[in-house]
K.L.:
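Below you'll find the structure I mean.
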There are 2 protein chains.
Amino acid sequence: MGKQTKDRINLTDAFWGEKRTLIREKVLPYQWRALNDQIPDADPSYCIHNFKEAVRVTEKRNRGEEIPVQSVRDFVSLPEGNALLPADETEGSEEAHFYGFVFQDSDLYKWIEAVSYIVETEQDETLERTVDEMVDLLEKVITKEGYLDIFYIIKDYDSRFTNLRDHHELYCFGHLTEAAVAYYDATGKDKLLKLAMQFADYLCEYFGPGEGQCHGYPGHELAEMALMRLYQCTGRKQYMELARYFVLQRGCAPKYFNREHGEPEENNLDYYQADKPVMKQKEAVGHAVRAMYLYCGMTDLARERCDREMGQVVRELWEDVTTKKMYITGAVGGTHIGEAFSYAYDLPADSAYAETCAAIGLVFWAHRMLQLEADSKYADVMERALYNGVLSGISLDGTRFFYVNPLEVDPIACRRDQRLSHVKSRRAKWFGCACCPPNLARLLGSLPHYSYHTKEDTVWLDLYMSGEIDTVLHEKNVSIKTDSALPWKASVSVEVTGQDGIFGTIALRIPEWSSAFTPTVICEGKYETRVEAGYWYVTFYGQTKATLHPGFAMEPQFYRANSRVRESFGRQALVCGPLVYCLEEQDNGKGLHTLVAEPEAASRARQTSLFFINEDAVGYEIPGWRKEPEDTGLYIKASRKEEWEPVTLHFIPYYAWANREEGEMRVWIGQRERN
Amino acid sequence: MGKQTKDRINLTDAFWGEKRTLIREKVLPYQWRALNDQIPDADPSYCIHNFKEAVRVTEKRNRGEEIPVQSVRDFVSLPEGNALLPADETEGSEEAHFYGFVFQDSDLYKWIEAVSYIVETEQDETLERTVDEMVDLLEKVITKEGYLDIFYIIKDYDSRFTNLRDHHELYCFGHLTEAAVAYYDATGKDKLLKLAMQFADYLCEYFGPGEGQCHGYPGHELAEMALMRLYQCTGRKQYMELARYFVLQRGCAPKYFNREHGEPEENNLDYYQADKPVMKQKEAVGHAVRAMYLYCGMTDLARERCDREMGQVVRELWEDVTTKKMYITGAVGGTHIGEAFSYAYDLPADSAYAETCAAIGLVFWAHRMLQLEADSKYADVMERALYNGVLSGISLDGTRFFYVNPLEVDPIACRRDQRLSHVKSRRAKWFGCACCPPNLARLLGSLPHYSYHTKEDTVWLDLYMSGEIDTVLHEKNVSIKTDSALPWKASVSVEVTGQDGIFGTIALRIPEWSSAFTPTVICEGKYETRVEAGYWYVTFYGQTKATLHPGFAMEPQFYRANSRVRESFGRQALVCGPLVYCLEEQDNGKGLHTLVAEPEAASRARQTSLFFINEDAVGYEIPGWRKEPEDTGLYIKASRKEEWEPVTLHFIPYYAWANREEGEMRVWIGQRERN
């Protein structure tokens, strides 16, 4: 088992605690119903149906009964409008039925992983029993080889691993494994872990550089980081070796995916990050979620194997993503074409894809980069993504989800402009391809793990969440209690106690947004402090108690984008602490694009209460102007004086948009120069 | 024959005369080669091939030989990469071959029409002989019923008129007819006219409200206006009646196109302007070229039949198009999805479709609206479209063409952003669907006809082009000689002479762009003047000579868009007289979006010479600023002072962009407020 899971973490944070409670009380039960196709008017999942069908099929086959096999090589997803047959009709039928996307298994695994993070700290017999029942079911289905992908088990077992590029067996394996490790860590139950290891052992045999082995790698990355986690949990090196094989084999000539599909060598593979060997990849390309998961696996490898060269590659990729291809909300993947990274500085606000899962992937990656090198820039991005591009994916009540997270929405444009058909102005109950909702659940469930990291005798506090971490420094128990009023106030203090003495270093991140840093340490005896790479390090020599006040300050500020970002030129976005703010039509009327403010106006901001979010939530009122539409004429001589009406701009946190009336929303607003 | 064609027009205009010479000397010979697939590396047309093949097939059939018929109901165009068989292979083969789009015929007809306008004033035996040869060929192909659409004649004659929605028989008929009338007007040769009348007579029999008749109408409008022209030329009322039937039947329940395709009634037909009866259409929707041609036909009907109700409908549609859906260049059809009108005020610059043919259609329509009611607003739009959105469609040398006319181009974005895949940064040699190039040729060839219109004893000068119009006022010959230095200088004067006395009114348009109007009349005796609806009317009572100096003035001015246009908010475009200007990378460096100017800076503009256009061409240098890209950081606190470098902005006419090095181009530039 990895180091962090030895720690005991108790989250008491008002903001994130509420989200975690939401996950436990609302989101997980809701998603369970979704996986069972019990949400009225929502796209069906078919997920649990498929698992049950796999049991039926397996049992029939075990009885020697024949079930027709279907050629599935080119199957990707259920044709639209093809409804699930009622269970009773399916029961008796000869054919084996699989519905939904080929990777539908993964939604259950993500759900199990999310449940794990909840039951890690809170008793929930219902949730745990449901997981155990599903694990029993999986045990019935896994093949004698150790293979466990429902689509191929139901449809055409002999064709497994024949379409690594488009099908998602290794992706499903990845989520199975993440769930298995998380559930084991949380409960000590190892049945699911053993299934994952069986599958992993089979993969170690099947894939590799050896002669009879398959030289392929996952079409949708994830297995890499999952194998690393399995290695950390079990200590079995072969899992790390397979992760390394998958990573290094990727994009090497001859290109596996081209051979697999009989396509010419020059065929474009950057969608899969498989156009060139990963060690030669300097720019983030292709499907954003896949890229994030690949980079996570690479970062894990760089850290575990102290691989400086690979460390350098992920650093360069990090720079590319975060200085050229990331929205101010921490969202990544600007174009809906291929759900992909666009070229450098192409960050359109209205047609943004900015998939929730991609922002989640960026959080995963940032967390890993921090463990590779403690530089606060990684935590700044992690925080930005978490509070904005991730959190916007879920409604305040936990039952509606965004797949796409634009920074500018006009419902009329979404409805009438087919170029924006991927952009929705309301969150949906569920999706046919529902990768995002359970991904949100597992990230928000496990959030305390992202608040800090440790290495040797240092604990880095990367995100500030109220709560207590019980860890070990120099073989002595230490408790770190954080009090944080974020994101509504910058007040942060950290109390460190160790009955047997604190021997080691506590490092507090100095957030990029903080306009002040006036640190004080309250403790007896000698201690040392230094600031390095955005962290304030405080080293103790045996004290039993210390209180750290970093003295952060935050206030609303306008940010502008680098002028290379054409789409945001002449515009600004309001940021306060970790939160990006936006305007909604409900508070500001129609035509949000006609609202402007001076950059300095942010200093005259007045706080407002946002009860639709919660009692603590803070909005801002900032003086600005509205340009009234001209009465006549489409084009007007610019020498005609423009009419500006002074108005108050009402900002709310971006993550909370689309929780009231449907309407326009806008993050980037016009910048008016000082007069 | 219509009234205008009685007039003799002699164009001597430096600007448009050069274009017309280009059409005669370069464009028509070039396009003839294109129609014959003789342009290396260009998309083949197959147009003439198909006509020749039709002769071969017809002759074989006449000899009683059988040629296999192919079911063509769903055929729309040649599959990509399907090359033309070499002529000799085709010759001997049993099958009948048609290549390219189903409407490929129309390209020849547009070419013939363009030739007609040239030979109307200039001898050109080569061009005329080529037309005559093609007419002989058409005579061989027309069926005994009078049907003349090559696709169906070659492929499946019995299936004619079974897919009015997607196939273009009535569209091809329209172009045949326009060509026939133009060629007859120009040369007096009536062979082609008779073929068109034969086809029209067949249509009059086939379509109509009667029991055994087909109740359909054209999928791509054009036949309506062509039938009106044929009526004006021949005086045969049945052609007007059929035009009226096509117009009024359109969109009536039950919807013909739905029935034709067995589709449900609610199926969306606005692409075809067939979602509701035209008299209830208040908003321009769907495919922009189709819409323009429909509105032309409606305007013709309103005028010829003094139909006030229809006049009101086209007026409302005009307002919708020109005050909500038109680019500043006079281009229309903002979205490439369906080559269509987007919703009101949705006028994106970079992803603009703005098809050359749609701007041409707007010129046609404006010319007709002027004849319905003499209001200079129609001529202002006609002029704007002509000098900008139309003219940008053809390179200065006449051999390259734009189908799409964006107002902002970054070649990198065009190549890397699939959302902009329809936008090209260089003009093409030809297109598989080559509607635009021959459409340009016929408009530019016939341009003098658009410079004025007459009604009773008034002549309205709508566009100013140097030249002479010999017309008749009150049964007396009058010559109107215009001297114009447009678009480079505002100097315009008009000399009217009539040996038998001028009895009537000359109306000079006062252009919207003119910042001055200080009219003088030089003539003896009594005359009257008045200004109405943007025209300066001067009425004469028998003078033999008069000179009119309207005293226009023009200077470069920035225009802004109505603030409802989100995409242009905070931006401005330079306009001088009829010309819209733009910035090109070649003169201004990369990153054109970082260039800004004060609205008043236009008053400090300095003229420059643009020899790459011609010796008279004028560009402008205007003081502005460039924002240097920030060295570091994707998002920067807006309180950090912005660095602006004073620069000189070099503007060239929009129509002349993309005639030098490939690079960025931009019409809408940042507006910086006065400091």
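Below, chains carry the letters A, B, ... as their sequence lines are ordered, and counting in each starts from 1.
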K.L.:
Which bit of B/V596 is near chain A, if near means a heavy-atom gap under 4.5 Å: side chain, backbone, both or neither?
P.N.:
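Side chain only.
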K.L.:
Which atoms of B/A602 come close to chain A, meaning under 4.5 Å heavy atom to heavy atom: side chain ones, backbone ones, both, or neither?
P.N.:
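For B/A602, no heavy atom lies under 4.5 Å from chain A.
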K.L.:
Between CZ of A/F569 and CG of B/L592, what distance do you get to the nearest 0.5 Å?
P.N.:
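Spacing of CZ (A/F569) from CG (B/L592) equals 11.5 Å.
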K.L.:
When rounded to the nearest 0.5 angstrom, what distance separates OH in A/Y635 from OG1 in B/T323?
P.N.:
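Nearest 0.5 Å value for the OH-OG1 distance: 10.5 Å.
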K.L.:
Let's test your reading of the structure: which of B/V565, B/L347, B/N562 forms the most heavy-atom pairs below 4.5 Å with chain A?
P.N.:
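Most heavy-atom pairs under 4.5 Å with chain A: B/N562.
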K.L.:
Table please: side-chain donor-acceptor pairs of residues 332-344 of chain A below 3.5 Å, with sequence neighbours left out.
P.N.:
{"residue": "A/T335", "atom": "OG1", "partner": "A/I337", "partner atom": "N", "Å": "3.0"}
{"residue": "A/E339", "atom": "OE1", "partner": "A/H287", "partner atom": "NE2", "Å": "2.7"}
{"residue": "A/E339", "atom": "OE2", "partner": "A/Y353", "partner atom": "OH", "Å": "2.6"}
{"residue": "A/E339", "atom": "OE2", "partner": "A/Y403", "partner atom": "OH", "Å": "3.3"}
{"residue": "A/S342", "atom": "OG", "partner": "A/D346", "partner atom": "OD2", "Å": "2.5"}
{"residue": "A/Y343", "atom": "OH", "partner": "A/R566", "partner atom": "NH2", "Å": "3.4"}

K.L.:
Check whether B/R666 gets within reach of chain A through its side chain, its backbone, both or neither, counting any heavy atom under 4.5 Å.
P.N.:
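Contact with chain A involves the side chain of B/R666 alone.
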K.L.:
Count the heavy-atom pairs under 4.5 Å between each of A/K324, A/K325, A/R564 and chain B, then report the option with the highest count.
P.N.:
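Between A/K324, A/K325, A/R564, the count favours A/R564.
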K.L.:
What is the distance from atom CH2 of A/W644 to atom OG of B/S563, rounded to the nearest 0.5 Å?
P.N.:
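Atom-to-atom, A/W644:CH2 and B/S563:OG are 8.0 Å apart.
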K.L.:
Looking only at heavy atoms and a cut-off of under 4.5 Å, which of B/K590, B/Q557, B/R419 has the most pairs with chain A?
P.N.:
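The residue among B/K590, B/Q557, B/R419 with the greatest pair count is B/R419.
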K.L.:
Of all residues at least two apart in sequence or in a different chain, which pass the salt bridge (charged side-chain N to carboxylate O under 4.0 Å, His left out) check with B/R626?
P.N.:
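For B/R626 there are no salt bridge (charged side-chain N to carboxylate O under 4.0 Å, His left out) partners, ignoring immediate neighbours.
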K.L.:
Report the option among A/I412, A/T594, A/I328 that has the most heavy-atom pairs separated by less than 4.5 Å from atoms of chain B.
P.N.:
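Of the candidates given, the most pairs with chain B belong to A/I328.
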K.L.:
Specify the closest pair of heavy atoms between A/D350 and B/E567, including all atoms of both residues, with the distance to one decimal.
P.N.:
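Here A/D350 and B/E567 meet closest at OD2-OE2, 4.4 Å.
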K.L.:
Counting heavy-atom pairs closer than 4.5 Å to chain B, which one of A/P629, A/S568, A/S351 comes out on top?
P.N.:
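Ranked by contacts with chain B, first place is A/P629.
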K.L.:
Do A/K637 and B/E512 have side chains that approach each other closer than 4.5 Å (heavy atoms only, starting at C-beta)?
P.N.:
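Side chain of A/K637 against side chain of B/E512, heavy atoms only: contact under 4.5 Å found.
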K.L.:
Answer with side chain, backbone, both or neither: which region of B/T322 has an atom nearer than 4.5 Å to a non-hydrogen atom of chain A?
P.N.:
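B/T322 touches chain A through backbone heavy atoms alone.
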K.L.:
I need the residue from B/E628, B/H593, B/Q418, B/K627 with the largest number of non-hydrogen atom pairs under 4.5 Å to chain A.
P.N.:
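Between B/E628, B/H593, B/Q418, B/K627, the count favours B/H593.
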K.L.:
Please classify the contact of B/E408 with chain A as side chain, backbone, both or neither, using a heavy-atom distance under 4.5 Å.
P.N.:
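For B/E408, the contact with chain A is made by the side chain alone.
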K.L.:
Could you check whether any side-chain N or O of B/R640 sits under 3.5 Å from a backbone N or O of A/R560, counting only pairs where one atom can act as donor and the other as acceptor?
P.N.:
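Answer holds: no.
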